[in-house]
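What you are looking at is a predicted structure, and each value in this text was computed from that prediction instead of being measured.
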Amino acid sequence: MKELVGIAEQVAAQLIARKQTIAVAESSTGGLISASLLAVPGASAYYLGGAVVYTRDARRVLMDISDEGMKGFRSSSEPYAQLLAEQMRSRFNSDWGLSETGAAGPTGNRYGDAAGHSCMAVSGPVTEVMTLETGENERFANMQVFAATALRLLLRKLEG
């Protein structure tokens with residue numbers, strides 16, 4: 001967790017210096033991204049909110065994305081990660097949206113992705129989507145790697 005907070009401190013410094021805000025949607029990280037950002041003193045200056053979108057019900061209720069709105073999308077994919085990041089940015093009227101969706105393990109998901117598969121996206125003045133495959137099936141280790149990778153992706157965009 002110390003590594004996550006260290007990355008979050010760098011993200012926080014960038015967001016505060018720019019007077020910018022972020023909203024987060026995460027799935028298989030289970031709130032680790034948000035927890036890391038909130039562990040930094042002064043988080044209220046940049047963190048507007050987050051959602052753990054772990055189920056279809058959560059997607060419908062928290063993100064207002066209906067089953068009909070999922071036509072052409074599937075969870076744990078780059079297009080879905082981008083949709084989540086854009087939806088968070090729009091719903092919170094934040095400068096940045098960050099999302100993560102994947103399969104932490106110990107088994108894969110129903111879409112055929114192996115444990116250790118995660119897609120993440122940043123939506124803001126610049127956008128980037130990426131897929132990570134850890135090749136590991138240890139759930140909590142994957143959750144931490146997914147969260148760290150998502151925070152680093154955001155940090156690269158902020159520093160870019």
Side-chain angles (χ1 to χ4, degrees), residues 1-11 22-40 47-92 94 96-124 126-158 160:
M1 193 69 189
K2 189 177 268 189
E3 176 195 11
L4 289 174
V5 175
I7 303 164
E9 287 171 341
Q10 295 173 66
V11 167
I22 187 158
V24 179
E26 49 193 312
S27 174
S28 57
T29 51
L32 283 175
I33 296 169
S34 291
S36 300
L37 290 167
L38 290 170
V40 180
Y47 183 90
L48 297 184
V52 177
V53 187
Y54 196 71
T55 63
R56 282 178 32 188
D57 285 343
R59 186 197 72 233
R60 286 192 295 263
V61 172
L62 299 173
M63 303 300 296
D64 196 29
I65 301 172
S66 66
D67 290 341
E68 187 65 29
M70 282 295 289
K71 292 266 190 269
F73 291 95
R74 77 164 180 83
S75 296
S76 303
S77 68
E78 288 189 2
Y80 181 63
Q82 185 169 350
L83 175 66
L84 289 178
E86 290 169 352
Q87 188 79 340
M88 287 306 277
R89 184 178 181 214
S90 170
R91 290 174 69 92
F92 281 88
S94 59
W96 297 91
L98 179 63
S99 73
E100 180 282 332
T101 177
T107 61
N109 61 27
R110 62 179 155 178
Y111 308 106
D113 302 309
H117 167 89
S118 178
C119 296
M120 47 209 71
V122 171
S123 173
V126 291
T127 300
E128 187 172 334
V129 184
M130 65 169 283
T131 299
L132 172 69
E133 302 286 349
T134 67
E136 301 295 326
N137 65 1
E138 206 281 295
R139 187 175 184 84
F140 192 62
N142 278 332
M143 291 170 72
Q144 291 178 299
V145 170
F146 296 170
T149 303
L151 286 166
R152 282 191 194 101
L153 174 64
L154 174 60
L155 185 58
R156 280 198 311 273
K157 295 296 129 192
L158 289 166

Check your understanding: Sub-3.5 Å donor-acceptor pair from the side chain of Arg139 to the main-chain atoms of Gly105, do we have one?
Key -> yes
Check your understanding: Is there a side-chain contact between Leu37 and Val11 (heavy atoms, below 4.5 Å)?
Key -> yes
Review point. Is there a side-chain contact between Tyr80 and Val53, using heavy atoms and a 4.5 Å cut-off?
Key: yes
Check your understanding: Backbone N or O of Gly31 within a donor-acceptor pair of the Ser34 side chain at under 3.5 Å?
Key -> no
Exercise for review: Write down the atom of Met143, the atom of Ala104, and the distance for their closest heavy-atom approach.
Suggested key: CG-CB, 3.8 Å
Point to revise | Residues that Arg89 engages under salt bridge (Lys or Arg N to Asp or Glu O under 4.0 Å), provided they are two or more places apart | key: none
Check your understanding: Hey, is the main chain of Leu32 close enough, under 3.5 Å, to the side chain of Thr29 for a donor-acceptor pair?
Key -> no
Study note, to complete from the structure: Shortest non-hydrogen pair, Leu4 vs Ala148, comes out as CD2-N, 3.3 Å
Exercise for review: Measure the SG-CZ distance between Cys119 and Phe146 for me, rounded to the nearest 0.5 Å.
Suggested key: 9.5 Å
Review point. With no hydrogens and no angle check, do the side chains of Thr131 and Glu78 hold a donor and an acceptor under 3.5 Å apart?
Key: yes
**Study point:** Donor + acceptor pair across side chains of Ser28, Glu100 (<3.5 Å)
**Key:** yes
Review point. Which heavy atom in Ser75 sits nearest to a heavy atom in Thr101, and how many Å separate them?
Key: C-OG1, 4.2 Å
Check your understanding: Without hydrogens or angle criteria, can the side chains of Ser99 and Glu26 be said to hold a donor-acceptor pair below 3.5 Å?
Key -> no
**Study point:** Spacing of CD belonging to Gln82 relative to OG1 belonging to Thr127, to within rounding of 0.5 Å
**Key:** 6.0 Å
Point to revise | Gap between atom CG of Leu62 and atom CE of Met88 - 0.5 Å precision | key: 8.5 Å
Exercise for review: Would you indicate whether the side-chain heavy atoms of Ile22 and Ser94 approach each other to under 4.5 Å?
Suggested key: no
Review point. Checking side-chain contact (heavy atoms from CB on, under 4.5 Å) for the pair Trp96/Leu158: CA distance, chi angles, key distance, verdict?
Key: CA-CA 10 Å; Trp96 297 91; Leu158 289 166; 3.5 Å; yes
Study note, to complete from the structure: Taking every heavy atom of Ala103 against every heavy atom of Asp113, the minimum-distance pair comes out as CB-O, 4.5 Å
Check your understanding: Is the backbone of Glu86 close enough, under 3.5 Å, to the side chain of Ser90 for a donor and an acceptor to pair up by distance?
Key -> no
Check your understanding: For Arg60, what residues pass the salt bridge (Lys or Arg N to Asp or Glu O under 4.0 Å) criterion, not counting sequence neighbours?
Key -> Asp57, Asp67
Check your understanding: Which distance, rounded to the nearest 0.5 Å, do you find between the CG of Leu132 and the CG of Leu153?
Key -> 10.5 Å
Point to revise | Pairwise distance CG(Leu154) to CD(Glu128) - rounded to 0.5 angstrom | key: 11.0 Å
**Study point:** Separation between OG1 of Thr134 and NE2 of His117, rounded to the nearest 0.5 Å
**Key:** 10.5 Å
Review point. So do Met63 and Leu84 actually touch side chain to side chain, heavy atoms under 4.5 Å?
Key: yes
Review point. side-chain contact (heavy atoms from CB on, under 4.5 Å) between Leu98 and Ile33: does it pass, once the steps are laid out?
Key: CA-CA 9 Å; Leu98 179 63; Ile33 296 169; 3.7 Å; yes
Check your understanding: Sequence neighbours excluded, which residues qualify as side chain to side chain donor-acceptor pair (under 3.5 Å) partners of Ser123?
Key -> none
Practice item. Using modelled atom types only, decide if a donor and an acceptor are shared between the side chain of Arg59 and the backbone of Ile65 within a distance under 3.5 Å. Key: yes
Study note, to complete from the structure: Nearest heavy-atom approach of Ala35 to Met1 is CB-CE, 4.2 Å
Review point. Taking all non-hydrogen atoms of both residues, which atom of Ser27 and which atom of Val52 are closest, and how far apart?
Key: O-CG1, 4.2 Å
